[in-house]
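I have placed the structure first, in the form of structure tokens, so that the comments after it can refer back to it.
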Amino acid sequence: MTPADKDVPEAWKAGAGVTPGRRLRRGGLLRKYQFQRQITLKNIVVAVIVTVLMTVIFLGYVIYTGWDSFEEQVDVQLQGVVSQLDNTLQTADGVALQLAANSLILESFEAMQAYEGENNYFVDNPAVNYALTQHMSSYMLKRSSYKRICLFDRKQNLSYMGNLVNYGFLKKDCPDTSLFTDTAAYFDGSGKARLFRIDLQDPYVRNPTPTISVLREIRDYQLLPSKSLGYVQVQISPESFSYDELLAKDTECCLLSQQGHEVLQSYGENLDAASVQRLLEYPDGAVRGGMYIVRRELPEYGITVFIAAKNRNLIRNLASIFMWTLLLLVSVIVIICVGQAQIVRKTMQPVVQMCDMLEGIQIDENLQEIPLVADQEVDELRQLNVAFDSLVKNLKLSMERAMVSRVNEIQSQMFAMQSQMNPHFIHNILTIISAMAGTEEEKKIPEICGKLSDMIRYSTNYSDSYGSLKEEIRHAENYLELMKVRYEDRFRYTMAWVGDTQECQMPRFIIQPLIENCFSHGFNRRPFPWEIVVRIFASEECWEIRIRDNGRGIAPGELSQLKQELEQMRRRDMGELMQELRIGGLSVRNVYARLYIAYGEQMIFELESNDSGTLITVGGKYENTGDGGGGRASDPEKHLQDDRDAQ
């Protein structure tokens with residue numbers, strides 16, 4: 001066996017009289033067409049899923065808009081019924097008020113006060129009754145919806161115009177006197193000017209016909225106070241309401257009493273008392289049994305308007321839309337299948353030709369290490385990809401080693417600069433706690449310790465030198481709260497956001513040291529009150545923080561010298577610079593150095609000062625906008641090379 005034969009795969013050796021080269025061509029041919037079928041099938045499946053999804057969304061939109069329009073139509077119908085009912089009852093109330101204040105009726109009822117007979121006053125005085133009925137008839141002729149207009153007093157003297165009443169009412173031998181007693185009790189106890197009354201049975205004839213009444217007191221309204229002489233009642237039959245012009249064909253309406261939800265009037269064929277009671281169990285806007293339910297309470301009248309409607313037009317339209325959509329969907333799917341097959345065939349033609357060329361290569365000892373065709377692969381693109389894998393892996397390994405070295409160097413520098421903040425900060429807070437112990441402010445110590453614990457936890461996290469802007473702001477706000485507890489009303493601060501990006505990455509311990517510097521230097525020998533204003537801006541391109549205090553400011557000479565030192569730091573070696581920055585040193589230098597390590601020339605750092613205070617602006621611009629990666633940390637090798645070129 002030759003060395004070449006040892007490396008030939010067993011699959012190539014199978015079969016007598018078949019050379020390895022021909023075995024290779026046969027496997028490649030099968031895989032070639034298999035991949036073409038796979039990519040065609042996947043594209044078709046994705047296209048079909050997208051098409052079906054868009055169809056479902058379209059149908060959902062049609063249903064939503066159709067149902068929304070249907071609800072608006074039902075609401076318009078309900079409002080029309082309510083308006084008709086309100087207009088009718090308000091007009092009836094106006095008629096009752098006119099009759100209650102009419103001079104003829106007032107004179108008749110004043111004369112009736114002296115009547116002590118056992119019979120109905122109006123039976124014994126037919127001339128008075130005739131005059132009153134003639135006056136009431138003028139109102140009855142104007143409104144066909146009025147069933148009866150009655151005039152009566154507490155003694156059951158009754159005169160009426162309209163439908164006949166039980167003869168017992170005319171003889172003061174009433175079958176039911178609750179109408180008289182309830183009316184008198186209502187006006188005596190409530191002090192109200194009118195009464196809307198619902199009777200499930202006509203009180204004057206005791207038949208099962210419901211009535212709606214409007215009652216007013218007969219009194220001289222020009223004299224206040226005036227004595228109640230009697231009552232005017234305008235009766236309306238709910239059956240007189242017509243909804244033909246207000247309700248659609250598939251809409252049914254009921255007038256219900258609010259007390260007990262008894263049916264006063266039913267307009268429709270399918271709504272009986274039992275059906276209405278079942279539908280009332282469901283909330284307003286519900287759909288039960290294909291009926292859309294909506295109601296309107298009219299507490300002033302003691303009436304509930306109930307409407308149940310079917311949206312038959314929507315169902316018919318949906319059936320038609322569904323059939324046409326299904327036909328269109330099938331047509332689109334067929335077109336997609338044919339088009340995808342043609343596109344994939346033309347797209348894959350260069351790959352197929354390359355595989356044909358590879359299939360013609362015979363295996364020999366020079367090609368044993370090149371994986372032209374592997375039995376475990378399922379398509380030709382993977383076969384071509386394997387050939388480049390080993391080269392890329394070696395190149396990547398070399399680059400990663402260099403990258404790790406540079407990243408570790410920058411990381412160690414960031415941790416060293418960050419560690420300078422912790423001892424100085426903890427010393428300050430412990431001093432505050434020590435000063436408060438044993439004083440009236442001792443009760444504030446638990447709050448301070450809780451915030452201090454949160455800050456120490458943040459300070460001792462060395463897993464990463466970068467954190468989110470949100471965490472950095474919370475750390476700074478904890479510090480400000482501690483200072484607020486310490487100085488109370490003598491110190492105030494404000495923090496404001498501009499923008500909605502809070503998860504962008506930035507170096508840790510940037511804001512708090514600058515705020516601490518305000519207390520250490522800015523407020524030194526500065527009378528109260530002290531104030532710090534923090535403004536934060538964050539976007540996908542950069543972040544920027546402005547810190548302003550009302551301290552004593554920095555002298556012009558010191559400010560110029562500090563800016564010059566900061567500018568010289570850019571040209572210093574970072575290792576040498578870190579040796580000079582002692583622990584507990586000026587925090588502005590520390591922050592400046594760490595921002596420069598993180599962002600280089602993309603760093604934002606501005607310092608302004610005068611007698612009214614100091615304003616310091618810090619920030620960084622992302623070179624790859626939108627990733628919030630933190631500038632130089634995203635590509636340390638590139639930035640280190642840029643630094644060396646600049647030097």
Side-chain angles (χ1 to χ4, degrees), residues 406-429 451-483 495 497 499 501-520 532 534-538 542-547 566 569 574 577-578 581-600 602-605 616-623 627-636 639:
R406 297 302 183 184
V407 169
N408 289 338
E409 179 182 351
I410 291 180
Q411 194 77 1
S412 62
Q413 293 174 355
M414 293 295 289
F415 283 140
M417 300 294 289
Q418 171 183 319
S419 64
Q420 296 186 25
M421 299 300 171
N422 299 335
H424 184 58
F425 164 72
I426 295 175
H427 171 75
N428 288 345
I429 299 303
K451 295 184 179 296
L452 177 59
S453 175
D454 188 23
M455 296 184 69
I456 291 177
R457 188 181 301 109
Y458 182 77
S459 303
T460 55
N461 181 11
Y462 294 102
S463 59
D464 193 356
S465 59
Y466 284 82
S468 68
L469 178 59
K470 182 179 180 181
E471 294 173 344
E472 183 71 7
I473 292 300
R474 185 176 69 246
H475 180 68
E477 192 169 11
N478 281 336
Y479 179 81
L480 287 170
E481 283 295 321
L482 291 175
M483 295 297 102
M495 300 185 74
W497 280 90
T501 302
Q502 302 183 15
E503 299 300 332
C504 63
Q505 298 297 302
M506 62 176 292
R508 292 154 55 88
F509 299 100
I510 295 296
I511 307 176
Q512 184 269 332
L514 296 177
I515 295 176
E516 184 177 358
N517 191 66
C518 296
F519 289 91
S520 301
I532 293 179
V534 182
R535 295 289 184 266
I536 305 104
F537 170 80
C542 69
W543 63 270
E544 182 177 307
I545 298 173
R546 296 184 178 183
I547 303 173
L566 296 178
M569 290 173 62
M574 196 55 61
L577 180 63
M578 291 175 57
L581 291 178
R582 59 183 177 87
I583 295 178
L586 186 62
S587 62
V588 173
R589 296 181 180 179
N590 189 298
V591 171
Y592 187 91
R594 291 191 291 122
L595 285 176
Y596 184 69
I597 292 176
Y599 297 100
Q602 301 297 325
M603 171 186 69
I604 300 174
F605 193 97
I616 183 168
T617 304
V618 296
K621 299 179 181 178
Y622 308 132
E623 292 188 352
D627 61 356
R632 291 158 66 92
S634 61
D635 193 352
H639 288 287

Pairwise distance [atom1]([X]) to [atom2]([Y]) - rounded to 0.5 angstrom:
{"X": "T617", "Y": "F605", "atom1": "OG1", "atom2": "CZ", "value": "9.0 Å"}
{"X": "I604", "Y": "R546", "atom1": "CD1", "atom2": "CZ", "value": "9.5 Å"}
{"X": "N517", "Y": "I547", "atom1": "CG", "atom2": "CD1", "value": "9.5 Å"}

> Would you say the side-chain atoms of R589 pair up with the backbone N or O of M569, donor to acceptor, closer than 3.5 Å?
Replying inline: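 Side chain of R589 to backbone of M569: no pair is present.
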>> Walk me through whether Y599 and M506 qualify under side-chain contact (heavy atoms from CB on, under 4.5 Å).
In response: CA-CA 10 Å; Y599 297 100; M506 62 176 292; 4.0 Å; yes
Heavy-atom side-chain contact between [X] and [Y] under 4.5 Å:
{"X": "V618", "Y": "Y592", "result": "no"}
{"X": "L482", "Y": "M455", "result": "yes"}
{"X": "P513", "Y": "N590", "result": "no"}
{"X": "L469", "Y": "W497", "result": "yes"}

Which pair of non-hydrogen atoms, one from [X] and one from [Y], has the smallest distance, and what is that distance?
{"X": "A476", "Y": "I515", "value": "CB-CD1, 4.0 Å"}
{"X": "I532", "Y": "V534", "value": "CG2-CG2, 4.0 Å"}
{"X": "L595", "Y": "M603", "value": "CB-SD, 3.4 Å"}

>> Could you check whether atom CZ of R535 has more than 12 heavy atoms from other residues, nucleotides or ligands sitting under 6.0 Å from it?
In response: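 Atom CZ in R535 is crowded, with more than 12 foreign heavy atoms closer than 6.0 Å.
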>> Show, in sequence, the C-alpha distance, side-chain angles and deciding distance for Y596 and L566, and conclude whether the side-chain contact (heavy atoms from CB on, under 4.5 Å) test is met.
In response: CA-CA 10 Å; Y596 184 69; L566 296 178; over 6 Å; no
> How far apart are the C-alpha atoms of M495 and L480, what are their side-chain angles, what is the distance that settles it, and do they pass the side-chain contact (heavy atoms from CB on, under 4.5 Å) test?
Replying inline: CA-CA 10 Å; M495 300 185 74; L480 287 170; 4.0 Å; yes
>> Among E471, H475, E472, exactly one meets side-chain hydrogen bond (donor to acceptor under 3.5 Å, both in side chains) together with Y458. Which residue is that?
In response: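 So, applying the side-chain hydrogen bond (donor to acceptor under 3.5 Å, both in side chains) to Y458 and each of E471, H475, E472, only E472 qualifies.
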> Going through the checks in order, is the side-chain contact (heavy atoms from CB on, under 4.5 Å) test met by Y479 and I511?
Replying inline: CA-CA 10 Å; Y479 179 81; I511 307 176; over 6 Å; no
> Are any of the side-chain nitrogens in R457 or D454 under 4.0 Å away from the carboxylate oxygens of its partner?
Replying inline: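 So R457 pairs with D454 through a salt bridge.
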